[in-house]
Chemist: 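This is the structure I have questions about; it appears just below.
Quick caveat: nothing in here was measured; it's all calculated off a predicted structure.
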Amino acid sequence: MIGAACVATTTRIFMPSPQNPVYRPAQAEPVLAQYLHLQCPAFKKAALPDTGVVHFSVSLDTMGKATRAELLVGSGDQLVDEVFGTIAAQLTLPVDSTRRRAREVPVRMAFSCQGDSATVKVR
């Protein structure tokens, strides 16, 4: 018996915008937490987990500025994924001054909705 299968995947890429601020991870965390706080009720209503980790592959230039961010694992909420992706594309990460080179790095954004508050940690 021979079978054929068709698998469709969607790649979500986010590009930096000169109109948006550039963030270091610690600067991005409170901004992301504000957006997440607004979406926490939607997580509860949709019976989604109120904690998780959103995974990105972020391409960096030689100075450590993001040139693109690819969503690898989402939160389950499209708006949260879009906001987190927009911020991921605006990140600046530390570079080793002795070996400056363009590279791709994993970025994880751990999130949690807790009552009336929300937290996000960028790693």
Chemist: What closest approach, in Å, do T86 and Q90 show between heavy atoms, and which atom pair accounts for it?
Modeler: O-CG, 3.3 Å

Chemist: For the atom pair CE (M109) and NZ (K121), what is the distance rounded to the nearest 0.5 Å?
Modeler: 13.5 Å

Chemist: Give a yes or no on whether V54 and V105 share a hydrophobic cluster (residues Ile, Leu, Val, Met, Phe, Trp, Tyr; joining criterion: side-chain heavy atoms under 4.5 Å apart).
Modeler: yes

Chemist: Take V53 and F111 through the side-chain contact (heavy atoms from CB on, under 4.5 Å) test and state the conclusion after the steps.
Modeler: CA-CA 6 Å; V53 181; F111 67 90; 5.9 Å; no

Chemist: Quick one: does M63's side chain get under 4.5 Å of V95's, heavy atoms only?
Modeler: no

Chemist: For L36 and V83, what are the C-alpha separation, side-chain angles and deciding distance, and is it a side-chain contact (heavy atoms from CB on, under 4.5 Å)?
Modeler: CA-CA 9 Å; L36 178 65; V83 170; over 6 Å; no

Chemist: Can any side-chain N or O of Q39 pair as donor or acceptor with the backbone N or O of D77 at less than 3.5 Å?
Modeler: no

Chemist: Looking at side-chain heavy atoms only, is the closest gap between V58 and R68 below 4.5 Å?
Modeler: no

Chemist: Go through the steps for E104 and S57 under the test side chain to side chain donor-acceptor pair (under 3.5 Å), then give the verdict.
Modeler: CA-CA 6 Å; E104 284 195 30; S57 177; 2.7 Å; yes

Chemist: Could you walk me through whether V73 and L71 pass the side-chain contact (heavy atoms from CB on, under 4.5 Å) check?
Modeler: CA-CA 6 Å; V73 177; L71 178 66; 6.0 Å; no

Chemist: With distance as the sole criterion, is a donor-acceptor pair present between the side chains of D61 and T67 under 3.5 Å?
Modeler: no

Chemist: Supply the atom-to-atom distance L60 CG to K65 NZ, rounded to the nearest 0.5 angstrom.
Modeler: 11.5 Å

Chemist: Taking atom CG of L93 and atom OH of Y23, what is their separation to the nearest 0.5 Å?
Modeler: 14.5 Å

Chemist: Is there a path from L38 to V31 through hydrophobic residues (I, L, V, M, F, W, Y) whose side chains come within less than 4.5 Å of each other?
Modeler: no

Chemist: Return the minimal non-hydrogen interatomic distance between A28 and I87, and the atom names on each side.
Modeler: CB-CG2, 3.6 Å

Chemist: Please report the closest heavy-atom contact between T119 and Q114, naming both atoms and the distance.
Modeler: OG1-NE2, 4.1 Å

Chemist: Counting distance only, does the side-chain N/O of Q27 pair as donor-acceptor with the main-chain N or O of R24 below 3.5 Å?
Modeler: yes

Chemist: Classify the angle between the aromatic ring planes of F14 and F56 as parallel (below 30°), tilted (30 to 60°) or perpendicular (above 60°).
Modeler: perpendicular

Chemist: Would you please name every residue forming a ring pair (Phe, Tyr, Trp, His ring centres under 6.0 Å) with Y35, sequence neighbours left out?
Modeler: none

Chemist: Would you name the heavy atoms of T62 and A102 that are closest together and state the gap between them?
Modeler: CG2-N, 3.7 Å

Chemist: Answer with yes or no whether the hydrophobic clustering places V80 together with L72; edges join I, L, V, M, F, W, Y residues whose side-chain heavy atoms lie under 4.5 Å apart.
Modeler: no

Chemist: When rounded to the nearest 0.5 angstrom, what distance separates CD in E70 from CE in M15?
Modeler: 11.5 Å

Chemist: Provide the closest heavy-atom pair for C40 versus A118 in the form atom of the first, atom of the second, distance.
Modeler: SG-CB, 4.0 Å

Chemist: Where is the tightest heavy-atom contact between A66 and A88, given as atom of each residue plus distance?
Modeler: CB-O, 3.6 Å

